[in-house]
Amino acid sequence: MTNREIAEIMDRIADILEIKEDNPFKIRAYRKAARSICHLDEDINYLYKLNRISEIPGVGKAVKSKIEELLEKGNCEYYDKLLLDVPSGVLEMLSIPGIGHKTVKLIYEELGINNIDDLLKAAQNKEIRKIPGVGGKTEYNIKKGIDLLKKRTGKVTLGLALPLAEDFLDHIKESRAVQRACIVGSVRRGKSLVGDIDILVAANDYSRVYQKVSTYKSVRSISSKDSKHIKGKLIYQIDFEIIIVDPDDYFYSLVWTTGSKEHRNALFKGINPAEFSRVESEKDVFRKLGLNYIPPELREDQGEIEKASNNQLPKLVQENNLKGDLHVHSDWSDGAHKINEVVDVAKTMNYSYIAITDHSKSLPISGGLNEERLSAQGKVIDGLNKNQKDFQILRGIEVDILKDGQLDFSDDVLKNLDVVVASVHSNFKLEGEKQTQRIIRAIKNEHVDIIGHLTGRLLNRRSAYELDIDKVLEAAADNKIILEINSHPDRLDIDEVIAKKARDYGIKIAINSDAHHKEDLRLVKYGVINARRGWLEAENIVNTWDKEALLDYLNK
DNA sequence: GCCGTTTTCGGCCCGACTGTTTTCAGTCG
């Protein structure tokens, strides 16, 4: 079992205990264990072998024994028993945004509804509002929530799919029958949500490829196979397809299977594939078409083919262009690590600066800083900086944008900081014009440098809030405000469409990790992919600049 | 169920908003 599978079971246990109204602190303990297992840098099987499971934060005697049982036997008696108490459909109802375990339990007990489909029917028939304490508004939210849920069915985040695809690819490449292999399709293009994992394989011996694929540890089932394709399901219910081609056709097929349908149709219109037999590289395929090499992230038929024929493609930003990170949390608020621990990881990434931007006081759940603690943190950072060589910790804050667009700190406090990231963490449901004016007011504050996760979307969980993007971009451009690409794979906010638009407005971008755990600094990988999909070059991204140029820009 | 220590029990993140009622419970971040 993988770390993530174990973590999901711990979360599931917490869900069931919530429905059963067990001790809230016990529930929190299971959630905490799930989170820290998710964040482990090491394989939990490896920790188990070394007898180091109890070193995981939040894992005590009871959780440890359950993890060990799961790793040894693949199941756990306590969990199996709990599953008998609550129907699986009721647990699925918990994933509907806007209703929690209390409401789910109430609906289950009062109406006997135990699955999402019946719940939707009951909501449509106005049955839910008959329960005392539940009204028409909740009923409406249930319908809307289920609608959102249905839309996301089958798609998973790149953050889940890419590491799995890479691991699968490594496994396939171990086979001597495989001459070449590559991840293709939407995963290679770096879409933030993907429907499946596609891998192209060049091989002559199909049966040996099948043999290799079928022994991959995360394959759960195989639904069809022939000499050209193997299809099935991986863990987390992710579909996969292995496309097997003759080695002579590999590079042509690589281009064919990577681009979106629209892209490849435009690319190969009226062209005989036989012309591309035995070409030596992907670049050669494009050359034969009279085009520059088009990076996978751009192969979406958004004008890239024309640009490739005119030598006008952008020189896309790369991960190794990044010199720092401007949105990082520490244990001064809801981050897991001390500032110096985060700095140590940043140095391994060859960064020369990071900004520590903990939450501000309006977010008490996150242990947000008040003026006194912010000032104390500043002194700690100054002290740490004295011992740094070729590295600087910038003093920052992720300051809350309040409901009316005012900030959570006064100008007198903000003016002393190197980096001010302003973000929305409340009142997501404001009507569009008010939301727009709220953010523009923050943009106009002279001390604000960056707007964090501008649209507030959470992939598969929460839509972006209502916002007039053009008005916001205009204001950002006028006020020399940097927009963040938040790299967390559940956010990727701003998305590639807004990023491209922002570039056209002349707005600078920061690719930030928003790390709450030291290892999460590496999530910028996804931010970079997103930026590339938005046609951004290194010069558009302020944290590819060296420290002097950056500070100069921040001081405007 | 975990954790820490003036250590084997007592405390554990909390405020705002929403919806349903009319003073509060549920949900979210």
Side-chain angles (χ1 to χ4, degrees), chain A residues 9-11 13-37 53-67 76 78-79 82 93-108 123 128-145 148 329 331-336 358-370 373 398 400-404 406 408 423-431 434-435 438 452-453 456-458 461-463 465 486 488 490-491 493 514 516:
Chain A
I9 290 174
M10 295 301 136
D11 253 329
I13 290 174
D15 284 344
I16 299 171
L17 295 177
E18 250 180 344
I19 296 278
K20 295 178 62 144
E21 292 187 324
D22 208 312
N23 175 1
F25 296 109
K26 186 166 150 186
I27 295 165
R28 193 187 294 165
Y30 275 102
R31 297 244 185 255
K32 189 174 178 228
R35 258 207 319 277
S36 64
I37 292 166
I53 294 289
S54 50
E55 288 175 25
I56 304 169
V59 174
K61 229 173 155 185
V63 174
K64 174 177 177 250
S65 77
K66 285 166 189 101
I67 293 173
C76 149
Y78 175 70
Y79 176 51
L82 281 178
M93 283 158 64
L94 285 173
S95 55
I96 301 166
I99 64 168
H101 63 278
K102 296 259 184 190
T103 311
V104 167
K105 183 179 158 76
L106 196 62
I107 293 170
Y108 172 49
I128 309 289
R129 64 179 68 184
K130 290 178 186 164
I131 305 172
V134 184
K137 204 81 188 227
T138 303
E139 204 171 60
Y140 171 75
N141 285 338
I142 288 173
K143 281 190 282 189
K144 233 175 68 177
L148 198 74
H329 295 270
D331 64 355
W332 283 77
S333 67
D334 57 353
D358 277 306
H359 289 288
S360 62
K361 60 193 176 189
S362 278
L363 222 53
I365 185 183
S366 69
L369 303 178
N370 57 22
R373 291 188 64 229
E398 181 179 15
D400 242 52
I401 302 175
L402 306 176
K403 188 174 179 179
D404 60 358
Q406 290 203 66
D408 202 15
S423 313
V424 164
H425 292 107
S426 60
N427 299 95
F428 301 114
K429 289 181 181 165
L430 276 189
E431 174 265 319
K434 279 193 183 140
Q435 195 72 277
R438 171 191 191 185
H453 45 71
R457 76 167 180 178
L458 288 175
R461 294 214 300 275
R462 188 174 74 204
S463 307
Y465 30 75
N486 189 296
H488 196 289
D490 288 344
R491 288 192 184 268
D493 182 11
D514 194 3
H516 286 71

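By convention in this document, chain letters (A, B, ...) are assigned in the order of the sequence lines, proteins followed by strands, and residues within each chain are numbered from 1.
To the nearest angstrom, C1' of B:dT18 lies 17 Å from NZ of A:Lys102. Rounded to a whole Å, the CZ atom of A:Arg35 is 14 Å from the P atom of B:dG29. Residue A:Leu402 contributes atom CG, which lies 14 Å from atom C1' of B:dC17 at whole-angstrom precision. As a whole-Å value, the separation of A:Glu21 CD from B:dG1 P is 18 Å. Look at OH on A:Tyr30: it is 7 Å from P on B:dC2, rounded to the nearest Å. Atom CD in A:Glu398 sits roughly 14 Å away from atom P in B:dG29 (whole-Å rounding). At whole-Å resolution of the value, CD1 in A:Ile27 and C1' in B:dC13 are 16 Å apart. We find that CG of A:Asp408 is positioned 14 Å from C1' of B:dG29, with the value rounded to whole Å.
Between A:Ile67 and A:Met10, some side-chain heavy-atom pair lies under the 4.5 Å cut-off. Side-chain contact between A:Lys66 and A:Tyr30: present, with at least one pair of heavy atoms (C-beta onward) separated by less than 4.5 Å.
Between B:dC17, B:dG29, B:dG1, one nucleotide has an atom nearer to the side chain of A:Asn427 than all others, and that is B:dC17. The A:Lys137 side chain lies nearest to B:dT20 when the options are B:dT20, B:dG29, B:dC2. The listed nucleotides are B:dC2, B:dC17, B:dG19; the one nearest the side chain of A:Val63 is B:dC2. Among B:dT27, B:dG19, B:dC17, the nucleotide with an atom closest to any side-chain atom of A:Thr138 is B:dG19.
Across all strands shown, A:Lys32 has no heavy atoms under 4.0 Å from either base or sugar-phosphate atoms. Residue A:Arg129 is out of contact with every strand shown, counting any heavy-atom pair closer than 4.0 Å. Using a 4.0 Å heavy-atom distance criterion, A:Thr103 is classed as a sugar-phosphate-only contact.
Both A:Gly100 and A:Gly133 lie near DNA chain B, and the one whose nearest nucleotide falls closer to the 5' end is A:Gly133. Nearer to the 5' terminus of DNA chain B, by closest-nucleotide assignment, is the contact made by A:Asn141 (compared with the other of A:Arg462 and A:Asn141).
Here the CD1 atom belonging to A:Ile96 is positioned 6.5 Å from the CD1 atom belonging to A:Ile142, to the nearest 0.5 angstrom. Remark: A:Asn141 CG to A:Leu148 CG distance equals 11.5 Å, nearest 0.5 Å.
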